[in-house]
Amino acid sequence: MAVPTSSDFLARFPEFGELTLAIVEGAIAEAGRATPETQWGEVHTEAVSYLAAHSLSTRVMQVGLQ
């Protein structure tokens with residue numbers, strides 16, 4: 001399994017569509033490094049997607065608080 005593309009990620013989580021692709025792709029890459037495929041197996045892509053979404057939502061919330 002591979003990490004999701006930014007297109008696949010944004011199709012699943014359209015609420016992040018206003019962010020730049022660089023930010024989205026960075027979050028996906030970071031989540032991919034934090035979720036080893038050997039541990040997540042068949043749900044690796046979902047794990048990466050949800051961790052990236054969590055990371056992005058945390059960042060967006062922090063920016064809103066500033």
What are the two closest heavy atoms between Ala27 and Ala52, and how far apart are they? O-CB, 3.8 Å
Got a list of side-chain donor-acceptor pairs under 3.5 Å for residues 5-14, not counting sequence neighbours?
| residue | atom | partner | partner atom | Å |
| --- | --- | --- | --- | --- |
| Thr5 | OG1 | Asp8 | N | 3.0 |
| Thr5 | OG1 | Asp8 | OD2 | 3.2 |
| Ser6 | OG | Glu25 | OE2 | 3.3 |
| Arg12 | NH2 | Tyr50 | OH | 3.2 |

Contact summary for Val3 and Gly32, nearest pair of heavy atoms: CG1-CA, 3.8 Å
Steps toward side-chain contact (heavy atoms from CB on, under 4.5 Å) verdict (Leu51, Glu30): CA-CA 9 Å; Leu51 183 56; Glu30 181 181 322; over 6 Å; no
Any side-chain heavy-atom pair from Arg59 and Leu19 closer than 4.5 angstrom? no
Please name all residues satisfying side chain to side chain donor-acceptor pair (under 3.5 Å) with Glu15, sequence neighbours left out, ordered by chain then number. none
Work out which heavy atom in Ala53 is nearest to a heavy atom in Phe16; give both atom names and the distance. O-CZ, 3.5 Å
